[in-house]
Amino acid sequence: MDRQMILSRRSVMGVRGLQGFVGSTCPHICTVVNFKELAEHHRSKHPGCTPTIVVDAMCCLRYWYTPESWICGGQWREYFSALRDFVKTFTAVGIRLIFFFDGTVEQDKRDEWVKRRLKNNREISRIFHYIKSHKEQPGRNMFFIPSGLAIFTRFALKSLGQETLCSLQEADYEVASYGLQNNCLGILGEDTDYLIYDTCPYFSISELCLDSLDTVMLCREKLCESLDISLADLPLLACLLGNDIIPEGMFESFRYKCLSSYTSVKENFDKKGNIILAVADHISKVLRLHQGEKKLEEMLPLGPNKALFYKGVASYLLPGQKSPWFFQKPKGLVTLDKEVGSMSSAPESKQEVPMCTDPESKQGVPLCTDPDSKQGIPMCTDPESKQGVPMWTDPESKQGVPVWTDPESKQGVPVCTDPESKQGVPVSTDPDSKQAVPMCIDPGSKEGFFLCTHPESKQGVPMCTHPEFKQGDPVCTHPESTQGDPVCTYPESKQGVPMYAYSEYRQGVPMCTYSESKQGVPMCTHTEFKQKSPLGADPEFKLEAPICTNPGIKQEDLVNMEPEMKQQVTMVSDPEILKIARAHHVQAESYLVYNIMSSGEIECSNTLEDALDQALPSQAFVYRPVRQRVYSLLLGGGEDGASTCPTVKEWFVYSGNPLRHPDLVRPLQMNIPGGTPNLKLLWLNQDAGIQARRLDALLGCFDLSSSREELQAVENPFKALCCLLTYLFVQVDTLCLEDLHAFIAQALCLQGKPTVQLVDLQLDYIDARAVQLGSLLVRGLTTLVLVNSACGFPWRMSDFMPWNVFDGKLFHQKYLQSEKGCTVEALVEQNEIDSMSLTIGEDTPLPGGPTDAHQLEEDRPARR
């Protein structure tokens with residue numbers, strides 16, 4: 001195995017430049033290993049523990065998709081067979097596999113997601129240009145994974161009995177966490193971020209030989225040795241080089257400064273390799289000298305990107321891990337790194353007290369011992385109680401200030417004397433002005449808040465400090481909850497308005513308080529009209545979009561929650577329904593439902609669509625009405641819900657969409673006999689007849705309630721396909737009868753064909769329109785997964801899995817035959833048409849469509 005070629009086939013996710021560096025500059029960190037041998041060693045070392053590999057499934061899709069044909073919509077039977085062989089190979093040697101899929105795109109990585117989607121658009125344009133020029137599939141160098149591959153892979157693996165999970169945050173973080181916490185054999189994937197995480201060993205999927213179970217292990221310890229840094233330095237290195245959170249260009253000038261001062265430039269290394277060596281050298285020889293003494297922003301040109309940089313470094317810290325680059329000595333705390341000069345006796349207690357010498361006054365200062373740190377702390381004598389009080393030394397004025405000890409946290413807080421009450425008031429130092437600011441202690445949270453003096457009442461008003469801008473905002477205390485809320489003052493009214501702090505954006509948002517509930521609702525101010533409205537209101541359509549705080553999550557518990565549970569603001573307030581949606585999401589049993597209900601934001605990646613063909617609309621628009629009715633079902637709360645539920649943010653890729661911002665999509669009212677059922681009825685009720693209501697909801701999402709009886713008469717697995725085709729031919733008026741014949745004929749013929757026969761199928765040529773039609777149908781199948789999940793699973797998921805109802809090459813063959821004018825009998829290869837309870841001849845139409853097949857043909861445009 002050529003180690004120089006490791007990871008070189010295609011740019012992978014993770015740290016910029018690290019992939020090439022590993023393959024060319026430091027190949028010795030890659031070791032060929034055998035999974036069978038590793039499993040045996042693991043069993044001997046951990047008796048009774050099954051060797052487990054955590055699989056980053058999104059990194060493995062290209063490896064798993066082995067069929068030669070990929071352009072026609074997917075060879076799903078072949079793909080399913082390849083997955084089955086993969087699972088069997090590992091099971092045979094006693095290795096357990098856990099598969100993780102991306103379940104969301106985090107806001108910090110949205111820019112990178114958009115960048116990749118726009119890049120994919122350009123690749124797809126080249127693919128269609130090639131097809132039109134050569135009438136054949138491009139080479140593997142232009143390979144693009146079939147639409148819906150990630151979604152259907154989840155269900156394929158579950159049907160094969162594999163444990164399949166969907167992430168609630170970035171999948172690589174959950175993969176690394178699971179591997180570390182469960183003592184796993186390793187991680188299988190293709191992401192250089194796994195070289196940065198301090199977790200179990202990382203193995204390359206691209207170098208895996210399934211027959212022998214040999215692959216390459218990339219050793220992060222050897223990488224650190226080559227760079228002369230420690231494991232704890234890797235997150236810092238990754239952020240300085242650029243990754244999915246930190247744009248590569250952010251520290252470009254810094255990296256070149258490191259390179260210019262680097263004295264060990266290797267002439268035989270490429271430029272990027274030398275840059276990585278230079279940055280690592282700067283970390284080990286310059287930054288490490290001040291580690292723990294200076295903040296990162298004092299050593300690096302972070303500028304306005306400080307918060308993002310810190311977040312980038314922290315994103316690599318798994319549960320229980322800490323970074324030495326975040327450690328700082330408390331300012332003003334006198335540490336006894338100098339020798340204690342003498343002992344003094346306190347006049348009241350007659351006990352000897354350690355003394356240290358103040359370097360300014362040269363006078364002896366009594367010391368007390370901190371019970372936690374075991375360090376000595378200077379003391380002063382309280383003139384009232386005559387007792388010794390710990391002191392805090394102001395680093396600017398060099399003066400000692402008495403310290404108040406918090407009985408809960410046992411931590412000392414500087415105190416100043418209020419001239420009115422003569423009582424001590426806790427003080428904190430403003431990091432910018434270096435001045436002492438009075439504080440009040442929240443009795444509930446035990447947290448200190450800065451006090452500002454109200455100009456009218458002359459009383460101290462608590463303030464909260466914005467973590468980004470370090471500015472203090474006054475706080476008002478809710479009379480019911482006794483919790484303090486930040487206040488912003490509007491310049492027009494001069495009135496203070498409570499603020500809501502969004503942890504995601506680190507911004508304070510004004511709140512309006514409803515008199516009935518006494519509860520605050522976040523507000524947004526429209527930049528043009530400067531009108532204050534509840535947050536989530538669509539300024540264009542004036543649609544209210546209330547955002548609900550999950551009542552099942554207590555405010556004080558947020559800090560202690562796992563990262564994926566920190567989602568505080570949700571679109572749905574019912575904790576029981578959210579819990580069910582979350583469970584289905586995590587177990588990879590649903591698609592997009594939890595994303596809609598929790599964040600109100602979803603995305604769909606690229607589809608093989610010809611941007612130059614205006615006759616066929618993008619799948620994003622074709623299936624949008626279905627999604628809009630799903631939004632009404634999930635967010636509307638039952639009857640007439642669409643008029644009150646919020647808009648949903650859609651990041652869908654289609655021609656002409658620059659993806660600078662999401663599309664704000666409004667729900668559509670559903671037309672269901674008996675009204676729209678609520679989710680508790682659909683998801684929790686097990687009474688007889690509820691399954692019929694679920695089916696009514698599903699058909700209502702496709703606006704096909706009137707076709708219920710016809711569809712019920714169709715046998716499985718064609719029922720769902722007929723529903724989808726009926727919707728398509730009503731929705732898209734540029735589809736013609738030949739298209740319908742091709743779709744149905746391939747589904748009929750697929751049932752009797754073994755996989756090997758599909759593999760050997762040869763096409764006369766590739767048609768660009770048929771390529772897009774294949775992708776359009778597959779995206780429809782993914783939409784069926786969404787609808788079926790939202791409606792409480794009225795249909796079996798297996799009925800619309802593509803390996804049961806669709807094959808790309810077979811559809812393409814039927815499309816070309818239909819275009820040539822082949823008869824229906826020839827298209828279906830003499831199969832009994834009535835097996836579907838559906839006639840596609842001259843008299844009986846598709847259920848829900850026009851009443852005459854001749855009329856359907858007349859209404860459609862002629863085939864080009």
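As the structure is a prediction and not an experimental result, all values here were calculated from the model.
- Between L698 and W795, the closest side-chain pair of non-hydrogen atoms falls below 4.5 Å.
- Residues L635 and P667 form no side-chain contact, since every pair of their non-hydrogen atoms from C-beta on lies 4.5 Å or further apart.
- The closest side-chain heavy-atom distance from K719 to Q712 is below 4.5 Å.
- In this structure, the separation between CD on E603 and CG on L659 is 11.0 Å, given to the nearest 0.5 Å.
- P717 approaches V805 most closely through the heavy-atom pair O-CG1, 3.5 Å.
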side-chain contact (heavy atoms from CB on, under 4.5 Å) assessment of E589 paired with K158: CA-CA 9 Å; E589 296 169 348; K158 291 185 77 67; 3.9 Å; yes
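- Under the side-chain contact (heavy atoms from CB on, under 4.5 Å) rule, V593 has a single partner from I580, V785, L634, L633, which is L634.
- Screening N121, T607, D663, N606 against Y654 for a side chain to side chain donor-acceptor pair (under 3.5 Å) leaves a single residue, D663.
- R154 and Y591 form no side-chain donor-acceptor contact under 3.5 Å, judged by distance and modelled atom types alone.
- Within the 4.5 Å cutoff, side-chain heavy atoms of L773 are placed close to those of L735.
- Each of D613, D610, I71 was evaluated against F128; a single residue qualifies, D610, per the side-chain contact (heavy atoms from CB on, under 4.5 Å) test.
- L784 has its side chain out of reach of V626: every pair of non-hydrogen atoms, C-beta onward, lies at least 4.5 Å apart.
- Within 6.0 Å of the NZ atom in K132, the count of heavy atoms belonging to other residues, nucleotides or ligands exceeds 12.
- For Q746 (side chain) and F743 (main-chain N/O), a donor-acceptor pair under 3.5 Å exists by modelled atom type.
- Ring planes of F86 and W64: perpendicular class, angle over 60° (limits at 30 and 60°).
- Once rounded to the nearest 0.5 Å, the distance linking CZ of R666 with CZ of R624 reads 11.0 Å.
- Looking at every heavy atom in both residues, G73 comes nearest to V778 through O-CG2, 3.6 Å.
- Atom CG of residue N120 and atom OG of residue S125 lie 11.0 Å apart, to the nearest 0.5 angstrom.
- F143 and W70 have their aromatic ring centers within a separation under 6.0 angstrom.
- Between A620 and R627, the shortest heavy-atom contact is O-NH2, 2.8 Å.
- When side chains are defined from C-beta on, I596 does not count as touching M571, because their heavy atoms never get closer than 4.5 Å.
- Contact check for S159 versus F80: side-chain heavy atoms found under the 4.5 Å cut-off.
- A side-chain donor from one of R117 and S605 sits under 3.5 Å from a side-chain acceptor of the other.
- Between K680 and D574, the shortest heavy-atom contact is CE-OD2, 2.8 Å.
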Verify side-chain contact (heavy atoms from CB on, under 4.5 Å) between T164 and F101, making sure each step is shown before the conclusion. CA-CA 8 Å; T164 308; F101 287 81; 3.4 Å; yes
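- Cation-pi geometry between R62 and F144 is not satisfied (NZ or CZ under 6.0 Å from the ring centre, within 45° of the ring normal).
- Residues Q691 and R694 bring a donor and an acceptor atom of their side chains to less than 3.5 Å of each other.
- K135 has no carboxylate O lying under 4.0 Å from a charged side-chain N of D767, or vice versa, which leaves the two without a salt bridge.
- A donor atom on one side chain and an acceptor atom on the other are found under 3.5 Å apart for E650 and Y631.
- Paired with L761 under the rule side-chain contact (heavy atoms from CB on, under 4.5 Å), one option of H812, K753, K809 passes, and it is K809.
- For the pair R116 and W113, the NZ or CZ position fails the cation-pi test of under 6.0 Å to the six-membered ring centre and within 45 degrees of the ring normal.
- Atom-to-atom distance recorded for H585:NE2 and N595:CG is 5.5 Å, nearest 0.5 angstrom.
- K820 has a carboxylate O that lies under 4.0 Å from a charged side-chain N of D764, or vice versa, which qualifies the two as a salt bridge.
- Proximity of the aromatic rings of F793 and H584 is defined here by a centroid distance below 6.0 angstrom, and this criterion is met.
- One distance of note links CG of L699 with CZ of R629; it measures 11.5 Å at 0.5 Å rounding.
- Taking both residues in full, the closest heavy atoms of V714 and C722 are given as CG1-SG, 4.0 Å, listed atom of the first, atom of the second, then distance.
- Here the shortest heavy-atom pairing between I577 and M597 reads CG2-CE, 3.2 Å.
- At least one side-chain heavy atom of Y623 sits under 4.5 Å from a side-chain heavy atom of L724.
- Y130 and Q137 form no side-chain donor-acceptor contact under 3.5 Å, judged by distance and modelled atom types alone.
- The SG atom of C72 lies 8.5 Å from the CG atom of D807; values are rounded to the nearest 0.5 Å.
- Taking the six-membered ring for Trp and the full ring otherwise, the centers of W76 and F152 sit less than 6.0 Å from each other.
- A salt bridge links E829 with K814; the closest basic N to acidic carboxylate O contact falls under 4.0 Å.
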